[in-house]
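Note on naming: letters A, B, ... go to the chains in the order of the sequence lines (proteins, then strands), and numbering restarts at 1 for each one. As a basis for the values below, the full set of heavy atoms in this structure was taken, side chains included, without hydrogen atoms, waters or symmetry mates.
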2 protein chains.
Amino acid sequence: MLKSRANIKDVARRAGVHPSTVSRVLNPATRSMVSEALAKKILRIAEELGYRRNPLASGLRTRRTYTVGVVIPDITNPVFPPIVRAVEHALDEKGYIAILADSGSKRRSEKALIENMKARQVDGLILAAANRKDHLVDSCIDEGIPVVLVNRSVEQHSVSAVINDDELGIDLAFQHLIDLGHREIAYIGGPQRASTGYTRYRAFLRSAKQAGVNIDRELVINAREFTESAGQAAFQEIARTGKNLSAVLTANDLLALGVFDALDDLDMKCPRDISVTGFNDMPYVDRFVPPLTTVHISLEELGVQAARLLLEKIENPDAPSKQLRLEPRLIVRGSTATLNAAQAKSGNRVA
Amino acid sequence: MLKSRANIKDVARRAGVHPSTVSRVLNPATRSMVSEALAKKILRIAEELGYRRNPLASGLRTRRTYTVGVVIPDITNPVFPPIVRAVEHALDEKGYIAILADSGSKRRSEKALIENMKARQVDGLILAAANRKDHLVDSCIDEGIPVVLVNRSVEQHSVSAVINDDELGIDLAFQHLIDLGHREIAYIGGPQRASTGYTRYRAFLRSAKQAGVNIDRELVINAREFTESAGQAAFQEIARTGKNLSAVLTANDLLALGVFDALDDLDMKCPRDISVTGFNDMPYVDRFVPPLTTVHISLEELGVQAARLLLEKIENPDAPSKQLRLEPRLIVRGSTATLNAAQAKSGNRVA
DNA sequence: ATGAAAGCGCTAACAG
DNA sequence: CTGTTAGCGCTTTCAT
C-alpha cells in the first residue's frame, strides 16, 4: 500500500515554496495573495500529485468542517427521503456534506446522536424530529450552534424553521369534507408533543367551530405516534363508541393508512361508508386502495429551504432567525366522496 | 458565547496531571496504564467539565475517524431507506457515524462524492450503487480503503458484498407464473451495467430454458433504469409488438409499477388481462392496486450484514473479502392469477 | 505509572 | 507577495 496521499508539504517541496504559500493558493479566499504565475504552477503540481485537502486538519484549525448533522425521526417514513435528498443536494452544492442520523423516535439516543455530532464539530444541525418544547434544541441554541428545524417547529420563537401552514392544510381538508356534505366528522391527530400534532389538532377544532359544525369529542383522538398502527388503533377506538360518522380527517397519511386497515377489519369500505383524508401527500399514497385524498406539501421545498436557511445561519450566525411557512394544497383523490343517501338517512354507525 | 468546550488540556490542568495522562485514561485501550485512583479522578473531572473527545483531532493523529461513507443511488427509492437505517443503527452501536450521499444515479457526482468522503478520511465505504465493472470500486480497493457492496456486486471477485440470490428469486417468480398456467411471458429487466440487472436477466433466460418455455425475444426488454417510467415505457414497447402475452415478470418493483401505469393507459386490467410480478418487495407494494406479487428480500438484513462486514474489514483490513448471499422468497399477492380461458383461447394481444 | 516532546495536516498572524 | 512561526486537540513514542 502506497503512501496514502500527497499533502500540502509534498506539494510545497515539489514547487520549491513554503507550505503556507500552497495553502494560500489552495484556498480560493486567499488565492489572490499569491502571484498568478506561482499560483498556476502550484495548482498544476497539486493536480499532478493528486492533492486533496484534508478537511479534518483544516477543520481542526479553522473550526469549520463543512459538515452538517441531519436528524430525522425515521427514514423509513416516506415523508423524509425527499426532504433528506433535497437537503443533501443543496448542501452538496456548497461543499457541505451531511451526517445522517435516524433517531428511531427514541429520545434517549437522539440526545447521544446530537452530542456525537457536536463533538464532531458539525457546522450546523437540521432537525426534523423536534418536540414543541425541546431542551435539546434549546441547548443547541444556547451553545450557539446554528440550527434549522424542518417540518416541525418549537414554541420558543427564536429558532429558524421551515414548516407548513398546518392551519390552512387542515382547513382545506375540512372544507372539502363539508363541501361533500359530511357533518359527522371524526379526527385522528398525532402526538401533541410535536408542533404538527398540536397545531393540526387546534386547527381542526377551529375549522369546525368556524363552520358551525358540532364535533363529538368522542370522535376526536390524538394518537401517540404518527404511525399506521396508531391510526388503526385510533379508528378502532372510535368505532367502539358506536357513534355515527361519515368521514374521518387525519393529521397524517400514515394515520390515514391505519384507518384503511381498521376499515378493512370492520368490513367497511372507503369511501362508500367512510371518507378519509390524510396529510403530507407522501410518495405512493396516490396508488393506494383507494387513492388517498390528502394535503400536499412540498417535501423538496422543505428540504431545500432548510438547507438554505442553515447555510445562511452558518455564514452569518448573528443574523436573526427566520421562519418559513410553506403553503399546502389539497389533492382530491378517491378516498373521499359525497355523503350518500344511505349514510345520511340511517346514520352510519361504525360498530 | 462561552468557551466552546473543555479539552484534554483543561482536564489535565484541573487534575494537576499531564495531558497525555488524561489521554491515556480517556482511551479504554490505554486506561490500564494509569493507576486506578488517578484514572477515577480524571474521569470524574472530565465528567464535571463535560469533556467530549474531539474526533477531528484524534482522527488526525490516529487516522481513524469512526466515520463511514454510505453511497446510494436514490434515497427516494423505497428500497433504500430500510437498508440505510439498518446500516446506520449497526454502525451507531460501534460508535461509528454515517455520512450519507445520494448519488442521484449520476456517475459524475458519484466520483466526486467518493473523493470527498475519502478526503474526509472515512474509515470505510458502503456502496449500494456499484456497477458491474466499476473503476470507482476498483480504485477504492487499490487504495486499500475498506469497501462493502450492498445489493449490487461487481464482477471482480475480491470485494466484500452482501447481495441477494437473484437467480433463485427470478426462478421463484418464473415458476409461480408457470404454475398459474402462463406460457407467453414477457420480461422487463434493469440496466445491464448493474449486477442485479444483468444477473436477473440471465436468470430469467435460464429459468425459461430449464422449464422448456419458449420466450419471444421481442417480449424481453432491459430498461435503462430501475424506475417506474422506464417500466412504463418498456411495457408500451412490448405492447406495440402486438404479440400475445399473459404475464410479465419484472426485475424490480418500480418497473412493475410502471407496467401498472402502462396497463392503465391501455385500458387493461391486472391480473385479469396480464399477471405481473416484481422484485424487492419494497415498502407499500402490498397496498397497491392490485397488491404486487413479488420477490421478497430482507432489506434490513442487507444493511445489518453490510455494516458488520465493513466493521470487520476495518478492524482487520487484511482478512479476505466475504460475499454474503441472502435467500429471497416469493410473496404471492393480487397481481398474479391463473391463466384464464379467455386469455388462453383467444390469445391476449396487448395492442 | 507518569511526564516530555513531537507531530498528524493545515491555516493564520506576523514579518519582511 | 512569500516565508516563519505557532498551534488547533489529540496520541504516541521515548524517557524517567
Side-chain angles (χ1 to χ4, degrees), chain A residues 3-43 45-46 49-67 95 116 118-123, chain B residues 3-43 45-46 49-67 95 116 118-123:
Chain A
K3 184 183 186 313
S4 55
R5 193 128 221 155
N7 61 25
I8 258 190
K9 237 153 119 188
D10 298 327
V11 178
R13 199 176 318 126
R14 194 77 128 59
V17 298
H18 194 271
S20 56
T21 305
V22 176
S23 169
R24 289 193 264 258
V25 172
L26 264 21
N27 188 289
T30 49
R31 166 127 3 126
S32 55
M33 295 176 166
V34 178
S35 77
E36 203 161 319
L38 186 51
K40 257 192 190 129
K41 178 182 174 190
I42 290 176
L43 249 14
I45 293 180
L49 263 39
Y51 171 83
R52 306 269 122 198
R53 172 208 262 98
N54 181 336
L56 259 62
S58 82
L60 185 57
R61 189 68 239 248
T62 61
R63 339 215 95 237
R64 287 285 247 96
T65 56
Y66 289 89
T67 302
N116 193 345
K118 283 190 210 160
R120 285 166 187 271
Q121 318 290 124
V122 294
D123 294 334
Chain B
K3 184 183 186 313
S4 56
R5 193 128 220 156
N7 61 23
I8 256 189
K9 238 155 121 186
D10 297 327
V11 178
R13 198 176 319 125
R14 196 76 129 58
V17 298
H18 195 270
S20 55
T21 305
V22 176
S23 170
R24 287 192 266 259
V25 171
L26 263 21
N27 189 290
T30 49
R31 163 123 11 121
S32 55
M33 294 176 167
V34 177
S35 76
E36 202 161 317
L38 185 51
K40 257 190 191 134
K41 177 181 175 189
I42 290 177
L43 249 15
I45 294 180
L49 263 41
Y51 172 83
R52 305 270 122 196
R53 170 206 264 98
N54 181 335
L56 258 63
S58 79
L60 184 57
R61 191 62 240 254
T62 61
R63 336 218 88 242
R64 288 282 249 99
T65 57
Y66 290 88
T67 302
N116 193 344
K118 282 190 210 159
R120 285 167 187 270
Q121 317 291 124
V122 294
D123 294 334

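In this structure, CG of B:Leu56 is placed 10 Å from P of D:dC10, rounded to the nearest angstrom. Computed from coordinates, the A:Leu49 CG to C:dG9 P distance equals 14 Å when rounded to whole Å. Between the CZ atom of B:Arg31 and the C1' atom of C:dT2 there is a distance of 16 Å, given to the nearest Å. When the P atom of D:dC8 is taken as reference, atom CZ of B:Arg52 falls 21 Å away, rounded to whole Å. Distance B:Asn54 CG to D:dC8 C1': 9 Å, rounded to the nearest Å. As rounded to whole Å, 12 Å separates atom P of D:dT2 from atom CD of A:Glu36. When rounded to the nearest whole Å, the span between NZ of A:Lys9 and C1' of C:dA6 equals 11 Å. Following rounding to the nearest Å, A:Arg120 (CZ) and D:dC10 (P) show an atom-to-atom distance of 14 Å.
Of the candidate nucleotides C:dA12, C:dG3, D:dC10, C:dA12 has the atom lying nearest to any side-chain atom of A:Arg61. Among the nucleotides D:dT12, D:dT4, C:dT11, the one closest to the side chain of A:Thr62 is C:dT11. Candidate nucleotides D:dG3, D:dG9, D:dC1 were compared by shortest atom distance to the side chain of A:Ser35, and D:dC1 ranks first. Comparing D:dT11, C:dT11, D:dC8 by their closest approach to the side chain of A:Arg63 singles out D:dC8. Minimum atom distance to the side chain of A:Arg53 is reached by C:dC10, of the listed D:dC8, C:dC10, D:dT12. Comparing C:dT2, D:dC10, C:dG9 against the side chain of B:Met33 picks out C:dT2 as the nearest.
Backbone-only contact: A:Leu38 has heavy atoms under 4.0 Å from sugar-phosphate atoms and none from a base. B:Arg24 comes within contact range of at least one nucleobase, with a heavy-atom separation under 4.0 Å. Using a 4.0 Å heavy-atom cutoff across all strands shown, A:Ser58 reaches sugar-phosphate atoms only and no base atom.
Within the 4.5 Å cutoff, the side chain of B:Arg120 has no heavy atoms near those of the B:Thr67 side chain. A heavy-atom distance below 4.5 Å is found between the side chains of A:Arg53 and A:Asn27. In this structure, B:Asp10 and B:Asn7 have side chains that are in contact, with non-hydrogen atoms separated by less than 4.5 Å.
In this model, the phosphate group of D:dT2 is not approached by any side-chain N or O of A:His18 to a distance below 4.0 Å at OP1 or OP2. OP1 and OP2 of C:dG3 both lie 4.0 Å or more from every side-chain N or O belonging to B:Ser20. Here A:Thr21 does not reach the OP1 or OP2 of D:dT2: none of its side-chain N or O atoms lies under 4.0 Å away. For the OP1/OP2 pair of C:dG9 and a distance below 4.0 Å, the side-chain nitrogens and oxygens of A:Asn7 include at least one atom meeting the criterion.
Positionally, the nearest nucleotide of DNA chain C for B:Val34 lies more toward the 5' end than for the other of B:Leu60 and B:Val34. Toward the 5′ end of DNA chain C lies the nearest nucleotide of B:Ser32, the other residue of the pair B:Ser32 and A:Tyr51 mapping further downstream.
Note that CZ of A:Arg63 and CG of B:Asn54 are 7.5 Å apart. Values are rounded to the nearest 0.5 Å. Between the OG1 atom of A:Thr21 and the CG atom of A:Leu26 there is a distance of 11.0 Å, given to the nearest 0.5 Å.
Smallest separation of non-hydrogen atoms from B:Thr65 and B:Asp123: N-OD1, 3.0 Å.
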